Protein chains: 2
Amino acid sequence: MATIRDVAKLAGVSTTTVSHVLNKTRFVSAEGKAKVEDAVMQLNYVPNTVARSLKGGSSRVLGMLVTDSNNPFYADLIQWVDQVAYRHGYNLILCNTQGNIERAKDYMSMLSQRRVDGMLMMSSDARQLPVSSYGTMPMVMMDSGPDRAGYDRILDDSEQGGYMATKYLLQAGHRCIGLLAGPLEKSNSQNRIAGYRRAMAEAYVEVDESWIQSGEFTYEGGVTAMTELLKQQKKVTSIFASNDLMAMGAIRVAGEHGLIVPKDLSVIGYDDIPGAKYFNPPLTTMRQPLELMAEQAIAMLLARMETPESEGQRTLLTPTLITRDSVAVNLA
Amino acid sequence: MATIRDVAKLAGVSTTTVSHVLNKTRFVSAEGKAKVEDAVMQLNYVPNTVARSLKGGSSRVLGMLVTDSNNPFYADLIQWVDQVAYRHGYNLILCNTQGNIERAKDYMSMLSQRRVDGMLMMSSDARQLPVSSYGTMPMVMMDSGPDRAGYDRILDDSEQGGYMATKYLLQAGHRCIGLLAGPLEKSNSQNRIAGYRRAMAEAYVEVDESWIQSGEFTYEGGVTAMTELLKQQKKVTSIFASNDLMAMGAIRVAGEHGLIVPKDLSVIGYDDIPGAKYFNPPLTTMRQPLELMAEQAIAMLLARMETPESEGQRTLLTPTLITRDSVAVNLA
DNA sequence: GGCGACGTCGCGAATGGTGGCCATGCAATG
DNA sequence: CATTGCATGGCCACCATTCGCGACGTCGCC
């Protein structure tokens with residue numbers, strides 16, 4: 001592959017001049033510029049970013065740690081992050097931890113060896129990482145764990161989301177509302193439960209504890225939690241599922257029990273994954289503002305790269321209600 | 001950040017020795033090794049891959065061009081590719097073209113400037129790229145276009161898949177089988193149609209041309225094609241949709257016309273995207289062997305990196321039938 | 001005619017590592 | 001004791017680029 005030296009030789013100038021015309025970083029006579037440009041064309045010269053990074057200290061690459069890029073929620077988020085990063089001239093290295101801590105550590109180490117300019121952590125595994133040992137690497141956490149000093153965080157206002165979802169069900173006339181919660185140790189699960197309780201309390205509806213069942217944030221988790229819920233004596237006319245995948249699992253189980261959604265059972269999900277509107281029935285859900293999230297995450301990261309010592313920021317994003325066909329409205 | 005020189009100084013050896021103990025690339029006395037390792041710990045030294053790449057000429061990064069990483073089929077594939085690349089010690093740079101040629105070009109140029117070791121093209125936009133102008137960059141195409149000299153390709157045997165799907169419907173007792181085809185200019189659409197025709201011919205069933213409707217490979221495409229199909233006089237008892245998203249769109253439209261799947265209408269999809277088994281009803285579909293695809297794609301790429309001048313390979317992968325609940329079997 | 005200003009551009013060091021080649025010192029062997 | 005061999009490890013050039021410093025030539029002005 002041609003180097004800047006080859007170009008310089010062919011153009012009859014110094015590498016300095018070539019560098020300057022390529023980067024428009026100081027004045028070069030029209031004649032000199034033309035010679036350089038000709039040589040670049042002839043040799044099919046492509047500047048070498050790795051040399052540039054070595055010299056300049058910045059790679060213009062961001063690392064992205066995610067538990068599973070195949071999860072539709074993350075897939076959607078990733079795509080937005082890529083989009084925003086591209087606008088800022090950054091490339092993204094994708095790292096799927098698959099929930100495996102060793103793998104997460106491995107990736108972290110690869111990324112710091114590559115001298116990525118910053119990292120986006122969209123993985124709850126990130127919690128268990130000795131993050132501090134990666135020095136001052138700029139990071140923003142997009143997960144659900146507790147705050148941690150020195151890093152920026154961006155997350156969904158789950159308490160508010162849980163409140164809004166539950167309130168919508170209440171307004172639709174429901175009183176017996178089941179909650180399919182995520183794993184209880186995750187703080188977004190906890191927050192969604194808290195929001196649910198706040199809405200119920202506000203409407204003076206007493207919560208039967210058997211209405212709250214938890215499961216993984218997956219389709220299968222929805223199946224288990226829903227199966228458990230259906231075993232309880234106190235029946236329920238509607239369900240708030242802590243994410244769309246769980247909602248889908250729950251609807252499946254309901255169907256197997258002869259319950260038609262929304263006729264016999266109303267269901268509201270959370271996230272608004274792309275499949276939600278294609279589902280049968282199209283899912284009413286709380287949409288997380290992914291584009292905004294991506295935007296803010298990158299903005300925070302870039303800001304931190306500028307001033308690494310600044311204090312950890314924390315941004316909360318409010319979800320919005322998307323009404324489709326999985327909730328029956330009985331205004332009576 | 002500490003450099004190899006800092007480590008050498010602290011350990012009281014030369015940078016050469018440090019390099020060799022880190023890379024285990026020549027014998028170093030136990031004592032020397034210990035001193036180096038101590039120094040590495042103390043300084044929290046992390047080797048700089050960019051310097052290494054510059055010297056060594058290989059970055060151990062692969063570029064991945066994809067139309068939309070958010071498409072569940074691609075999302076799944078990407079996750080496998082990442083997995084396999086990781087096993088081989090490579091990182092992946094994700095590039096979403098969003099169907100925009102300018103963007104694709106931009107990404108290609110960024111990737112070649114970064115001196116990635118190879119590229120995976122999972123995007124039909126790649127077709128329109130002046131691929132030859134990127135010199136001898138090792139690439140493998142995972143798309144649906146026609147063959148092109150000098151590059152390896154890996155793809156699904158769509159003709160066979162179309163044949164198998166149609167044959168399954170025929171065996172289930174259906175005779176009037178609609179085909180929701182993808183965009184007609186794409187060769188995998190063409191091949192799936194060809195497979196459909198072959199199966200129909202083999203069963204001596206005459207194909208009514210109005211049964212074949214095409215649309216984009218998306219949910220919306222399924223909606224349009226299905227809407228068109230339902231307008232035809234010659235009715236259909238089952239449908240082969242050229243991908244799962246289209247199948248979902250079709251099922252939605254059918255539902256709006258009061259048709260219950262699979263009671264009134266049987267539907268078979270293609271791809272087996274992760275959402276297919278969660279769908280309502282769970283989708284019978286042709287599964288593409290994504291893990292194998294990822295495996296082979298990386299293998300081909302690595303092989304081509306070894307011997308860039310070798311002839312373009314072409315690998316065809318056969319899908320398998322996954323039976324779930326969207327096809328009614330009336331063996332009569 | 002001398003001097004400063006200005007326009008243009010080259011030299012060489014530096015970025016962090018790797019690897020070929022060679023140096024040093026000690027033990028064994030004749 | 002001289003020579004050889006082996007174990008260990010240092011020197012320095014090189015990878016592709018950027019950038020501070022300074023050089024060179026021309027022009028104008030006093």
Side-chain angles (χ1 to χ4, degrees), chain A residues 1-40 43-61 89 109-117 135, chain B residues 1-40 43-61 89 109-117 135:
Chain A
M1 230 169 185
T3 74
I4 200 173
R5 255 180 286 272
D6 300 325
V7 176
K9 202 178 301 172
L10 183 58
V13 297
S14 71
T15 60
T16 305
T17 299
V18 177
S19 172
H20 284 304
V21 342
L22 291 174
N23 301 311
K24 304 192 202 313
T25 174
R26 85 177 177 193
F27 182 87
V28 175
S29 64
E31 187 195 9
K33 222 183 286 192
K35 282 191 298 183
V36 169
E37 279 157 4
D38 275 5
V40 166
L43 295 173
N44 225 301
Y45 167 72
V46 178
N48 185 327
T49 303
V50 4
R52 218 176 245 178
S53 302
L54 179 59
K55 182 94 225 300
S58 144
S59 59
R60 295 191 85 77
V61 174
S109 137
M110 287 170 108
L111 291 175
S112 49
Q113 289 179 218
R114 286 199 190 286
R115 298 295 191 271
V116 298
D117 291 344
Chain B
M1 232 173 182
T3 74
I4 201 173
R5 258 178 282 272
D6 301 325
V7 176
K9 203 178 299 171
L10 183 58
V13 297
S14 71
T15 60
T16 305
T17 299
V18 177
S19 171
H20 285 303
V21 341
L22 291 174
N23 300 311
K24 304 194 204 311
T25 175
R26 85 179 176 192
F27 181 85
V28 175
S29 66
E31 187 196 10
K33 222 182 286 191
K35 282 191 299 184
V36 169
E37 279 158 3
D38 275 6
V40 166
L43 295 174
N44 228 300
Y45 169 70
V46 178
N48 185 328
T49 303
V50 1
R52 215 176 250 175
S53 302
L54 180 57
K55 181 95 224 298
S58 141
S59 59
R60 295 192 83 77
V61 173
S109 137
M110 288 171 107
L111 291 175
S112 50
Q113 288 179 219
R114 286 198 190 287
R115 298 297 191 267
V116 299
D117 291 343

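The structure presented is a predicted model; accordingly, all values stated were derived computationally and were not measured. Reminder, nothing fancy here: chain letters follow the sequence lines and each chain counts from 1.
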Counting only N and O atoms by type, is there a donor-acceptor contact under 3.5 Å from the side chain of [X] to the main-chain atoms of [Y]?
X	Y	answer
A/Thr49	A/Arg52	no
B/Thr15	B/Ile4	no
A/Arg115	A/Leu54	no

(request) Quick one: do B/Val61 and A/Arg114 satisfy side chain to side chain contact (heavy atoms under 4.5 Å, CB included)? Show the steps, please. (result) CA-CA 10 Å; B/Val61 173; A/Arg114 286 199 190 286; 3.4 Å; yes
(request) Mind checking B/Val50 for me? I need base, sugar-phosphate or nothing, with any heavy atom below 4.0 Å counting as a touch. (result)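 B/Val50: no heavy atom of the nucleic acid under 4.0 Å.
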(message) So, does B/Ser29 get its side chain near the phosphate of D/dG9, meaning an N or O under 4.0 Å from OP1 or OP2?
(response)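 It does, given that an N or O in the side chain of B/Ser29 lies less than 4.0 Å from OP1 or OP2 of D/dG9.
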(message) Just N and O in the side chain of B/Thr17: are any of them under 4.0 Å from OP1 or OP2 of D/dG9?
(response)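 No, outside the criterion.
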(message) Treating primed atoms plus P, OP1 and OP2 as sugar-phosphate and everything else as base, which nucleotides of nucleotides 16-24 of chain D get B, S or - for protein heavy atoms under 4.0 Å?
(response) BBBB-B---
(request) Please name the pair of heavy atoms, one in B/Tyr45 and one in B/Thr3, separated by the smallest distance, quoted to 0.1 Å. (result)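 Taking B/Tyr45 first and B/Thr3 second, the nearest heavy atoms are CE1-C, 3.5 Å.
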(request) Flag the pair A/Val13 / A/Lys35 as yes when at least one side-chain heavy-atom distance between them is below 4.5 Å, and no otherwise. (result)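 A side-chain contact exists here, since the closest heavy-atom pair is under 4.5 Å.
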(request) Send over the distance from A/Lys33 NZ to C/dG7 C1', rounded to a whole Å. (result)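 So the NZ-C1' distance, A/Lys33 to C/dG7, works out to 14 Å.
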